[in-house]
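Take a look at the structure below.
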Amino acid sequence: MSENNKTILDLLSDMDKRIVWLVLLVVGSIPFIIYLGLPIPVSKPTQELYNVIETIPEGSTILFHTFSIPSSYMDQGYGLQAMLIHIFRRPIKFAVVGYGVDYKVMFERALANIGGSPPDKVYGVDYVVLGMYARGEPGLAALAEDMWVVRTDFYGTPLEEIPLMENFHHITDWDMIIDCSDGGTQFYRVMRIWAGAHNVQIYMVLSGATLPMVTAYYPDMIPGYLGGARGSAEYENLVMAPGRATVSMDSVSMIHIVILFFIILGNIGEYGKRIIKGGGE
Amino acid sequence: MEKLKFGTKRCVNGKSMILKKIAPLVMLLVLDLSAYYFIRRANVSGKVPKLRRLVAVAAMDEAVGRCAEMGRPVHICPGSQASLRTYKASQTMAGMSVLSYITRLAARYGITPIVTMATAETIPLVVERMREAYTQEGEADKFDSVTSVRYIASGYAGIMSGQMGIIGREKPAANILVGPFSWETLPVLEEGKRVGAINIGGTVRLSVLHFFAVACDYVLISEEIYAAGAYLSGDPVSMSSIAGQDVGKIFAAIILIVATLALTFGSDLILNLLKM
Amino acid sequence: MSKFLRADGPKLLLTVFGFLIIADYFVTWGPINQFTKLMTEWAMVCASTAGAVAYINIVHRMSRTVIRRDPRTWIPSLLGLAVMVFALAFGLAYTFRGDEYQYFYNLIKKPLEIALTGLLIFFIASASYRTFRIRSKEVAVLLGSTIFIMLMNAPIGEALWSGFPAGGEWIMKVGNTAGQRALLVTGTAGVVVFSLRLLLGYELARKEEPEGEIA
C-alpha cells in the first residue's frame, strides 16, 4: 500500500472526531426510544439521605440551598423533584433560598413537574421560597448569621408575615440543610462558610462534576448525598416515582460504553501501527 | 447549652470569650507566620528563595516563539472565573502574572496577544497590566486595548462559545489558560488543538483540573500556578510566599503521617486533637 | 492629602478589619461576632455595587469598540450593547418576580445554556479517544481507573460485572480522596498566604513592578 493511503489502523487511531460524535449521538438517543430498564442499585450515600428524610421528626424544617443554572437541572433538578415528592408525603416543612434570580424558576419548574404542591401544603406555612441573597461568600456568610437578611420571600412578602420563618434565623436553627450547589465554586463556599465555620452537617444534591470532591468530606461533614444524575435516578426509585433521571440512566450506560469502545479502538490502531512498524524494521 | 437537632450539630455559644477552633488556628498560625518570616527576610536582607523553573513555564517561551515564527497571535485567558473579590483572587493574580509575562514576550516579538475575559471587574486590571508590559518593552504606542482585550460574556456557555469562535477564526499558535476556570475549558482547549495551537493551562479548581490534564500539552496542577505566577513576576514577596506555603504543607504532611500512624496503632489522640 | 490618608490609613483599616473578621471564626465573643455580622452585610452591599460598576465598565468598552468600528468586533459589541440595554429595560419594567421574566428565561436563556452544556459530552468523548493511549504505565493505570469509575456510575457496569462498582468505589474512596485532600491542602495554602499578603497590604498597588526573568 502506498504511503498516501491510510490503512485501517491509521483510521482507527486517527478517526475524524465527527464520526465519534455521530455514533455517540445515535447510540445515546436509542434508550429514549427503546427503554432498556437496566436496574439501578441504590448507593449508600443516597440511602442515608433518604433515611434521614424518612425518619426526621414531624414538624421539622429543612433548608434547601438550591441551584440556579438550567444546565444543572439534568443532574440535580430531577433529584430535587424526587425529594420534593418525598418531603410532601411527610409532615415536614422546608424553605428554599438561592442566589441570583433563577433559582426560583428552577424550583417552580421542579414543583410544576411533580404536579404542584399537595392541597394540604400551604405556602408560607409548610414551605416558602425566600428572597435571593447577593452571590458570593459575603452573601453566604450573612445568610448563615441571620437568614432574615433577605428581608422578604421571593414574591416580596416581608418575612414577619410568613409563619414558617418565625424561629429561623441562624444557620444552626434549621433541622436539616440540603445544598444543591451548581459547580465546584459554590460547593466549596458552602463547605467553608456553612459547614466549616458553623459546624453543621450538610446533605448534598450534587452535579456529576462535583461528585469526586465530596469524598473528602463524606461521611463526617456530608453524611448523605445524591451523586449526579445517577443519584437522582436512585432517589426516584426509592420514592417509587421513576422519571427522567431513571430513563436517562440507560442513555448514560450506552454513552459510557461508546466512549470506552472508541478508546479501545484508538489503542488497537496505535498499537497495531507500532507492531507493524517494529516488524517492518 | 448545647442542643443537638436531628441532622445538624450545634456549636457551643458561650457568653465569655471562647476559642472555638484550636487545630485550624494552629495551622493558620504556622502558615501565616512562616510566610511572614520569609517575606520579612526578603524585604530586610534581600534573601529570596530560589524557585524551580517548571516545564510548563519553559514551554510558554517556546509557545510564544512559535507564534512569532508562524505569524499567528497568542490567546491568553487569566481565568473565565477571574475575580478579585473571592477566594479565586489568588488564582486570578497568578493568571495576571502569566498574562504580564506573555504580553511582554508578545510585545518584544511583535505578535498580537488576544485576551478573552468573562468577568468585567477584572478588565481594568488586565488592561493596566498589559499596558505596563508594553511600556517595559518600549512599545507603549503599539498597545491597543480594544483589539487585545475582549470581554465575551459572563456565563459559562457564553465564554465557551466566544472563546471557541475567536480561536477558530484567529487561529492562535498558542493557547494559554492559567487561572480559575470552569467546565467550559475543555471545548476551548479542544478547539485550540484543532487549529494546531500549543495548549498550556493550569488551575486550582479540582472540578476542572482533569480537563486540563487531558487536553493540555503542558499543565500546571493546582498550586503550581502560584509558583509559576511568582516565578514569572520575579516579585520577592510572591516568591517568599511560596516558601511559606511549603512550610505549611510540610507541617500538614507531618501531622497527617503522625495521625495516620497513631490511628493505625490504635491511638486516636491526634485525631481528637485535630477535632478541637 | 497626607500620605497617611492616601496610603497608610487604608492599609491599616484593611489589616485591622481583616484580622478582626478572621478572629470571629476562632473566637466566641459578642463584640467581634457583632462586628463581623455588620461587615458581612456591608460586604454584600459592596459585592452588589461591584456588579453595577462592572456593567458600566462593559458598556463603556463596547461603546468604544462600536464608535471605532473595529472590523472584527464592532458588530458583536453592538449586539451585546443592545442585549444589555434590553435586559436592563426589561428588568426595570417587569422586575424578576413576574411571569414575564420566567417566559424570557424559558424561551431564551434556558435552551441556549442547555444546548451549549450538552456539547460538553461530545468534546469529552473526542478528548478521551485522543488522549487515552497506553504509552506508559501511568497512563495504563489512569485508563484502568477510568474504566472502573465510568462503569461504577453507569448501571450497565453492575450488570456486566459486580467488580466494576466495587473497584470504582475503592478508587473513589482511597485514591481519589487522598488526591483530592492533598490538592485541597496545597491549593488552600496558597489562598491563605495570598490573603495574608492582601491583609498586610503587599498586594495593594505598588509603584514599581520588579522586572521578571525572560529567556
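Keep in mind it's a predicted model, so treat the numbers as computed, not measured. Reminder, nothing fancy here: chain letters follow the sequence lines and each chain counts from 1.
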Which portion of [X] sits near chain C, non-hydrogen atoms under 4.5 angstrom:
| X | answer |
| --- | --- |
| B/I221 | side chain |
| B/L189 | neither |
| B/Y87 | both |
| B/V247 | neither |

Residues C/D24, C/N33; criterion side-chain hydrogen bond (donor to acceptor under 3.5 Å, both in side chains); working and verdict:
CA-CA 6 Å; C/D24 172 71; C/N33 299 146; 2.4 Å; yes
Given heavy-atom pairs under 4.5 angstrom as the criterion, report whether the side chain, backbone, both or neither of [X] touches chain B.
| X | result |
| --- | --- |
| C/Y25 | both |
| C/T73 | side chain |
| C/V191 | both |
| C/F194 | side chain |
| C/R68 | side chain |
| C/A50 | side chain |

Could you tell me whether a side-chain N or O of [X] sits under 3.5 Å from a main-chain N or O of [Y], the two making a donor and an acceptor?
| X | Y | result |
| --- | --- | --- |
| C/T15 | C/L199 | yes |
| C/T186 | B/E223 | no |
| B/S233 | B/A230 | yes |
| B/D32 | C/V193 | no |
| B/T119 | B/A82 | yes |

Option that, when pairs with chain C are counted at under 4.5 Å, heavy atom only, ranks first among [options]:
| options | answer |
| --- | --- |
| B/R169, B/M160, B/E121 | B/M160 |
| B/A35, B/G162, B/S241 | B/S241 |
| B/L31, B/L28, B/D246 | B/L31 |
| B/T122, B/L256, B/V214 | B/V214 |
| B/P187, B/A157, B/S222 | B/P187 |
| B/P24, B/A58, B/A252 | B/P24 |

Tell me which of these, [options], has more heavy-atom pairs under 4.5 Å with chain B than the rest.
| options | value |
| --- | --- |
| C/I22, C/L200, C/T65, C/T117 | C/T117 |
| C/R130, C/R64, C/Q180 | C/R130 |
| C/L119, C/V185, C/V192 | C/V192 |

Are any non-hydrogen side-chain atoms of C/I58 and C/I56 less than 4.5 angstrom apart?
no
Could you tell me the separation between the CG atom of C/L14 and the NZ atom of C/K11, rounded to the nearest 0.5 Å?
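One finds 9.5 Å between CG of C/L14 and NZ of C/K11.
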Value rounded to 0.5 Å, distance of OH in C/Y202 from OH in B/Y36:
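If we round to the nearest 0.5 Å, C/Y202:OH and B/Y36:OH are 5.5 Å apart.
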Under 3.5 Å side-chain donor-acceptor pair for B/R53 and B/Y231:
yes
Report yes or no: is the cationic atom of C/R133 (NZ for Lys, CZ for Arg) closer than 6.0 Å to the six-membered ring centre of C/Y129, at no more than 45° off its axis?
yes
Salt bridge or not for B/E191 and B/R194, using N-O below 4.0 Å?
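Yes, charged N to carboxylate O under 4.0 Å.
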